[in-house]
2 protein chains.
Amino acid sequence: MAWSGNKEDGEGKSRRGYHHGNLREALIAAALDLIGAKGPAGFTFAEAARSAGVSAAAPYRHFRDRDELLADVARQGFERFEQFLSNVWNEGRPDARTAVNHLGKAYLAFARTEPAYYSAMFEANLSLDDHPELRKAGDRAFDIVRKAAEELSATLPSRPPSLMLALHIWSFSHGIASLFARGDSGRRNLPMSPEDLLEAAMLVYLEGLGGPKT
Amino acid sequence: MAWSGNKEDGEGKSRRGYHHGNLREALIAAALDLIGAKGPAGFTFAEAARSAGVSAAAPYRHFRDRDELLADVARQGFERFEQFLSNVWNEGRPDARTAVNHLGKAYLAFARTEPAYYSAMFEANLSLDDHPELRKAGDRAFDIVRKAAEELSATLPSRPPSLMLALHIWSFSHGIASLFARGDSGRRNLPMSPEDLLEAAMLVYLEGLGGPKT
DNA sequence: ATGCCATGTGAAGGGCCTTTACATCATAGC
DNA sequence: GCTATGATGTAAAGGCCCTTCACATGGCAT
């Protein structure tokens, strides 16, 4: 009786009697912390196991290998991202154009506020072929933008192809987020915030599509 | 006399008597091959050393650590990129608008034809603070776009801020290249080529800036 | 109460990164 | 021409990681 059972010292790493009881989720949480601290490359399976208080071999009962854990973090990230985008889109209120602008901003906000998820999703170089669930989750998040683009297109005289519209919005947001809205590493001295840069681009782009004369 | 001196069996890995004679460049070349084959994460210092036919410790005579070799590959990549962009820009001929379109296409072309360099440059998560030469090389490449944006701006009635223009062009090209113009991993089924997607975006964007009525 | 199966352990093989002491050799200066 | 010296390469070792395998534990259904 040296140990006393279920504690909760700080992070979720104790409560053990041999079986962890919640290892899978504990590993995902640990991975998220580590990725946030040292990037997707710095994260190691062994350290995640240590964080969870189990041996280095234990994670293999829940994930095929290190990449599968990473992919699961990324998948979860896309699911949160999807939900976030969905909330921000808010059924196209107050109007499609404004809501689409919110969507772009949300992309940047996610990259900034959830750098660990963002890293796993876009910087871990995971093969989508090896992780079909990841691809599906990504597609579902994109579908939010796709749907928004459809509604926006319907409000524009030129009726641009909505898929093209969606790809443009996604690409632009992704480009700005990747280059300017990540950790200090990639930061170049901008004369404006990434948000302003994106907003200006959207303004010009939608003007080019012949938006309603403001 | 078991060995016979300077051979050239296939790749540049032989000519040895103890000192390699050209190890630094051989390592960069080997790294490029490996990155191309297995991505920046798959590349290892040890394997580069093996490719060059030296022991695992030898590379440390030429690079502080693994990251410095990676950074040197990336720096070389930015230098090639700069030159490529410069050639494509071609002093703004036949006209600024067309030449800027070429610039965007060149971004995609580089991502596709030099995936190893592109990986090292944009997907290796190198700290720009730890590798100042890398940052400078990247800035020089961006300067080509910056200069192009200045000349393009001068041809537009609205005279948009050229730095903003340059950032928009770079971001958009980067976003499309990262998402759609890389190896099979990131490929989603597009209804159009990345090039067409980019061209359409540029068309709309420049229209939005009030370009000369085509 | 018992036995099955999911879950966790320890050890081991193989690999990588990096450092250190030592080996080799090109060449500068005598 | 000959040697000292610094640049370049080697072997070995420590530390960490990934992954597998045989074995231990104990939750849960019967």
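Since the structure is predicted, the reported quantities are computational estimates derived from the model, not experimental observations. Here is the naming used below: chain letters follow the sequence lines, and residue numbers restart at 1 for every chain.
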Any side-chain heavy atom of L108(A) sitting closer than 4.5 Å to one from F180(A)? no
Considering every strand and a 4.0 Å limit on heavy-atom distances, what is the contact class for Y60(B): base, sugar-phosphate, or nothing? base
Counting only side-chain N and O atoms of R50(A), is one of them less than 4.0 Å from OP1 or OP2 of dC17(D)? yes
Atom pairs, N/O to N/O, protein against nucleotides 6-8 of chain D, distance under 3.5 Å?
| residue | atom | partner | partner atom | Å |
| --- | --- | --- | --- | --- |
| dT8(D) | O2 | H19(B) | NE2 | 3.0 |

Provide, to the nearest angstrom, the distance between the CG atom belonging to L70(B) and the P atom belonging to dC16(C). 16 Å
Distance flag, aromatic centroids of Y107(B) and F81(B), threshold under 6.0 Å: yes
With DNA chain D as reference, determine whether T44(A) or A56(B) sits nearer its 5' end, using the nearest nucleotide of each. A56(B)
So S55(A), base contact, sugar-phosphate only, or nothing? Heavy-atom distance under 4.0 Å. base
Charged N to carboxylate O under 4.0 angstrom, E151(A) versus R146(A)? no
Ignoring the backbone of A57(B), work out which of dT18(C), dA11(D), dG8(C) is nearest its side chain. dA11(D)
Can you figure out which of dT18(C), dT10(D), dT9(C) approaches the side chain of D65(B) most closely? dT18(C)
Nearest-Å distance, NZ (K38(B)) to P (dG15(C))? 12 Å
In whole angstrom, what separates R64(B)'s CZ from dT19(C)'s P? 10 Å
Report yes if the distance between the aromatic ring centroids of F78(A) and F122(A) is under 6.0 Å, otherwise no. yes
Starting from P on dC17(D), measure out to CZ on F63(A) and report it in whole angstrom. 18 Å
So, does N90(B) use its side chain to make a donor-acceptor pair with the main chain of G92(B) at under 3.5 Å? no
Check every strand shown and say whether A46(B) touches a base, only sugar-phosphate, or nothing at a heavy-atom separation below 4.0 Å. sugar-phosphate
Could you go step by step and tell me if Y205(A) and Y205(B) meet the ring-ring contact (aromatic ring centres under 6.0 Å, His included) rule? CA-CA 4 Å; Y205(A) 178 83; Y205(B) 178 83; 8.1 Å; no
Nucleotide dA6(C), atom P - distance to CZ of R24(A) in whole Å: 15 Å
Return yes if some donor-acceptor pair links the side-chain N/O of R75(A) with the main-chain N/O of H131(A) below 3.5 Å, else return no. no
For atom CG of L69(B) and atom P of dC17(C), their distance in whole Å: 10 Å
Could you tell me how far apart L27(A) (CG) and dG8(C) (C1') are, to the nearest whole angstrom? 12 Å
